[in-house]
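Okay, so here's the structure we're looking at.
Residue numbers count from 1 along this sequence. This is a predicted model, so every value here is computed, not measured.
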Amino acid sequence: MNKAAIVATGILAVGMIVGPLTSVNADDTLNGTTNVTSEVTRGDLSLKVADSVDFGKQVLSPVVDFGTKGIDYTVTNYTGELDGYTISVKADADVSERSFKVGDVSNASATDATAVTVAAEDDQNGDKLGTADSALSYAGLKTIGKYNTELTWTLTQGTPEQFAE
């Protein structure tokens, strides 16, 4: 027998032994399906604002103008609702001579809600960082001292246009 015939006979013999081990019977199940389900639920909507803002010191004068400072905030939105939100702020009444402006609205007081509106982008979930510009001045102030104003911030889902509908 030549070398090629011996190799061919060996391959045929191995095929006959291995072949039956890998054969498929009619009753064998070789595939299947699995239905995988999941659900994503509404997450949180939250607002975080700076703990304090220091306008510094100014000398007493007819108009004590402290200028403008930014108040940083972060809105975290994992609600799945991407129709925006409204941030409103109220300032407590510290003195009548105060002029306090947040955003585009002046003289925020405890009875008047100053709306600083921020519209979320259509495809945004997650954190949105922003800054609300605020300005502080006093006109006709007669007493020196340290003045404090407390701001109360409120975050509401949706925009003012939606509230009017």
Side-chain angles (χ1 to χ4, degrees), residues 24 27-165:
V24 177
D27 294 336
D28 291 344
T29 303
L30 300 178
N31 59 29
T33 60
T34 301
N35 183 24
V36 177
T37 61
S38 63
E39 180 179 1
V40 177
T41 61
R42 178 183 169 96
D44 292 332
L45 176 66
S46 63
L47 172 66
K48 180 177 169 119
V49 294
D51 292 332
S52 64
V53 175
D54 186 358
F55 276 88
K57 297 178 182 180
Q58 295 288 334
V59 296
L60 183 62
S61 63
V63 176
V64 182
D65 188 356
F66 285 91
T68 302
K69 293 271 187 184
I71 301 174
D72 295 330
Y73 64 86
T74 302
V75 174
T76 301
N77 182 6
Y78 285 105
T79 64
E81 297 177 22
L82 304 173
D83 53 358
Y85 43 83
T86 300
I87 300 171
S88 60
V89 60
K90 292 181 184 179
D92 69 354
D94 68 350
V95 295
S96 61
E97 295 88 358
R98 180 198 66 207
S99 173
F100 192 78
K101 180 177 179 179
V102 177
D104 296 329
V105 182
S106 295
N107 290 325
S109 71
T111 57
D112 300 323
T114 300
V116 179
T117 304
V118 181
E121 297 165 18
D122 292 341
D123 61 351
Q124 183 178 359
N125 270 306
D127 293 340
K128 174 154 176 102
L129 308 176
T131 300
D133 290 330
S134 59
L136 176 64
S137 65
Y138 293 90
L141 197 62
K142 299 191 183 343
T143 308
I144 61 170
K146 189 167 189 160
Y147 294 91
N148 293 308
T149 299
E150 184 173 293
L151 302 177
T152 302
W153 300 80
T154 304
L155 174 64
T156 307
Q157 186 83 42
T159 59
E161 295 81 28
Q162 293 169 323
F163 301 144
E165 294 174 358

Closest non-hydrogen atom pair between Ala132 and Trp153, with its separation: CB-CH2, 4.0 Å
Verdict with reasoning, Asp72 to Thr131, per side chain to side chain donor-acceptor pair (under 3.5 Å): CA-CA 4 Å; Asp72 295 330; Thr131 300; 2.8 Å; yes
Atom pair OG1/NZ of Thr76 and Lys48 - distance to nearest 0.5 Å: 9.5 Å
Ser134 side-chain N/O to Lys69 backbone N/O, donor-acceptor pair under 3.5 Å: yes
Leu47 side chain near Tyr73 side chain, heavy-atom distance below 4.5 Å: yes
Between CG on residue Leu151 and CZ on residue Phe100, distance to nearest 0.5 Å: 4.5 Å
Step-by-step side chain to side chain contact (heavy atoms under 4.5 Å, CB included) determination, Arg98 to Leu136: CA-CA 7 Å; Arg98 180 198 66 207; Leu136 176 64; 3.7 Å; yes
Nearest-0.5 Å distance that lies between atom CG in Asn125 and atom CG in Asn77: 5.5 Å
Ser46 and Asp44: side chain donor to acceptor below 3.5 Å: no
Shortest non-hydrogen contact between Gln157 and Leu45, atoms and distance: OE1-CD2, 3.0 Å
Any side-chain heavy-atom pair of Val75 and Ile87 under 4.5 Å: yes
Flag side-chain contact, heavy atom, 4.5 Å: Thr143 against Leu141: no
Aromatic plane relationship, Tyr147 with Tyr138 - under 30° parallel, 30 to 60° tilted, over 60° perpendicular: tilted
Nearest-0.5 Å distance, OG1 of residue Thr79 to CZ of residue Arg42: 4.5 Å
Contact summary for Val64 and Leu60, nearest pair of heavy atoms: CG2-CA, 4.2 Å
Thr68 and Asp133: side chain donor to acceptor below 3.5 Å: no
Approximate separation, where rounding is to 0.5 Å, of Ile71 CD1 and Asp51 CG: 11.5 Å
Straight-line distance of Ser137 OG to Phe55 CZ, nearest 0.5 Å: 9.5 Å
Validation row: Lys128, Tyr85 side chains within 4.5 angstrom (heavy atoms): yes
